[in-house]
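Lettering follows sequence order; numbering is per chain, from 1.
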Number of protein chains: 2
Amino acid sequence: MKQFSLSSSSTTSKGDDDSVLKLNLGLGNNSFGCHVGQSPRQRCPAPFLLKTYDLLEQGDDSTKIVSWNAEGTAFVVWSPAEFSELTLPKYFKHNNFSSFIRQLNTYGFKKISSKRWEFKHEKFQRGCRHKLGEITRKKCEPSVFPSYLKSSSEENATSSTEENNQQLLMEENKNLKKERLELQMQIDECKALEIKLLACLSQYMDTQQNKLRRLC
Amino acid sequence: MKQFSLSSSSTTSKGDDDSVLKLNLGLGNNSFGCHVGQSPRQRCPAPFLLKTYDLLEQGDDSTKIVSWNAEGTAFVVWSPAEFSELTLPKYFKHNNFSSFIRQLNTYGFKKISSKRWEFKHEKFQRGCRHKLGEITRKKCEPSVFPSYLKSSSEENATSSTEENNQQLLMEENKNLKKERLELQMQIDECKALEIKLLACLSQYMDTQQNKLRRLC
DNA sequence: GGGAATATTCCC
DNA sequence: GGGAATATTCCC
């Protein structure tokens with residue numbers, strides 16, 4: 001007899017049973033609670049995003065200080081002064097409005113009104129906490145050279161082309177290592193999924209055996 | 001499921017308001033009082049160094065928590081627990097001993113005793129606040145090679161060592177690219193396997209359905 | 001609005 | 001100890 005304990009244990013993602021049911025219904029679907037294909041990359045949302053979202057969900061009287069706009073498609077800081085003094089230190093290690101805005105810019109939020117402090121990001125909307133993982137920092141991509149290597153012009157006239165090459169190489173090197181790590185993580189994810197799939201298959205087979213046995 | 005570390009920030013550090021305000025004011029000092037033209041590079045000391053120095057100069061009862069050693073050539077954290085809870089938040093935006101140590105390492109301090117938390121830096125001594133500007137971060141500057149590339153012998157890299165470095169870099173680079181390819185192939189295999197598994201599962205389910213139908 | 005330095009956290 | 005990601009500050 002095969003082991004049920006694996007999938008029935010509650011240690012894994014909630015809804016293993018669900019995924020089994022879904023399997024019975026839709027075959028081509030990769031709905032195992034974790035996705036197989038390339039839906040938008042769901043990472044662990046940045047702490048900044050989670051905090052900012054949570055801060056908006058606080059339904060207390062602070063809604064006069066900061067809140068979603070009417071449509072829930074952006075948020076408004078109604079009172080920057082109070083927001084800085086009261087709200088920010090509850091969630092962050094500072095009370096500077098400008099630092100908060102710096103972070104918003106880092107994550108690609110846009111100020112969408114000249115009359116009030118209203119900020120918008122496509123993936124940051126009321127009720128969509130699950131989309132926060134799709135928001136990423138605006139950092140320069142691994143494949144991009146750092147600014148100090150671009151357009152070095154005359155300043156580095158002293159540095160030889162050899163040194164330049166070396167810097168480029170080091171940069172590429174660093175990026176490759178980062179890529180390696182990411183690929184490794186992808187592989188780990190894949191492997192975990194395989195294990196789940198196999199467990200699922202095994203469980204399904206057992207269930208079917210039992211059904212047949214009962215009918216015979 | 002993954003864990004998000006909202007931890008410390010949501011639990012407000014009690015009574016921090018004052019210190020935060022002080023911090024913000026204190027930071028303003030940085031742009032002033034920079035010595036120019038002294039023989040050893042006198043820069044504006046890093047906030048971290050100034051705070052750590054000042055924290056030691058506080059002659060209050062906190063000397064039981066942290067103080068200079070007898071010779072004034074290093075300093076000792078006598079009580080890490082109290083230091084973390086009481087001293088750190090007065091000067092920094094956290095109360096983690098390990099973050100403090102991370103900073104010490106960044107600035108090149110060395111732990112010089114295995115029996116107590118004693119840290120030393122050549123330029124960080126009692127009565128020598130004016131030398132703090134000579135202490136720099138260990139970060140790899142744009143013009144500096146990473147440690148693993150430094151020949152550790154001379155600053156004036158001869159063309160031969162440069163060539164050597166370059167060769168090493170290119171080699172590592174090549175290997176990394178090879179690795180990348182292999183990892184990519186592993187991923188492709190994984191994905192193919194997933195597809196097969198799903199197909200297999202789906203086919204199996206169909207067969208079972210038919211069996212059941214026939215029996216009913 | 002964003003580049004870059006420093007600080008804090010996380011992880012090996 | 002230190003690499004690297006994220007946070008905070010400073011400055012243009």
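In this structure, His94(B) places its NE2 atom 8 Å from C1' of dA7(C), rounding to the nearest Å. For the pair Phe109(B) CZ and dG2(D) C1', the computed distance is 16 Å after rounding to whole Å. Separating the CG atom of Asn105(B) from the C1' atom of dT8(C) is a distance of 14 Å, rounded to the nearest angstrom. The CG atom of Leu104(A) sits 13 Å away from the C1' atom of dG2(C) (whole-angstrom rounding). When rounded to the nearest whole Å, the span between CZ of Phe97(A) and P of dG1(C) equals 11 Å. In this structure, the CZ atom of Phe100(B) is 16 Å from the C1' atom of dG1(D), given to the nearest Å. Rounded to whole Å, the distance from CD on Gln103(B) to C1' on dA5(C) is 12 Å. Atom CZ in Arg137(B) sits roughly 12 Å away from atom P in dG3(D) (whole-Å rounding).
Checking the phosphate oxygens (OP1, OP2) of dA7(C), a side-chain nitrogen or oxygen of Tyr107(B) falls inside 4.0 Å. Contact annotation: Asn96(B) side-chain N/O to dT9(C) OP1/OP2 distance is under 4.0 Å. The side chain of Lys93(B) places no N or O atom within less than 4.0 Å of a non-bridging phosphate oxygen (OP1 or OP2) of dA7(D). Between Lys111(A) and dG1(C) there is no side-chain polar atom (N or O) within less than 4.0 angstrom of OP1 or OP2. Note on Arg102(B): every side-chain N or O is 4.0 Å or more away from OP1 and OP2 of dG3(D).
Considering only residues two or more places apart in sequence or on other chains, Phe119(A) meets the ring-ring contact (aromatic ring centres under 6.0 Å, His included) condition with Phe75(A).
Of the candidates Phe109(A), Tyr107(A), Tyr91(A), Phe100(A), Thr52(A) forms a side chain to side chain contact (heavy atoms under 4.5 Å, CB included) with just one, namely Phe100(A).
Glu118(B) and Trp78(B) are not linked by any side-chain donor-acceptor pair at a separation below 3.5 angstrom, with hydrogens and angles left out of the test. Under 3.5 Å, the side chains of Arg102(A) and Ser98(A) contain no donor-acceptor pair of N or O atoms.
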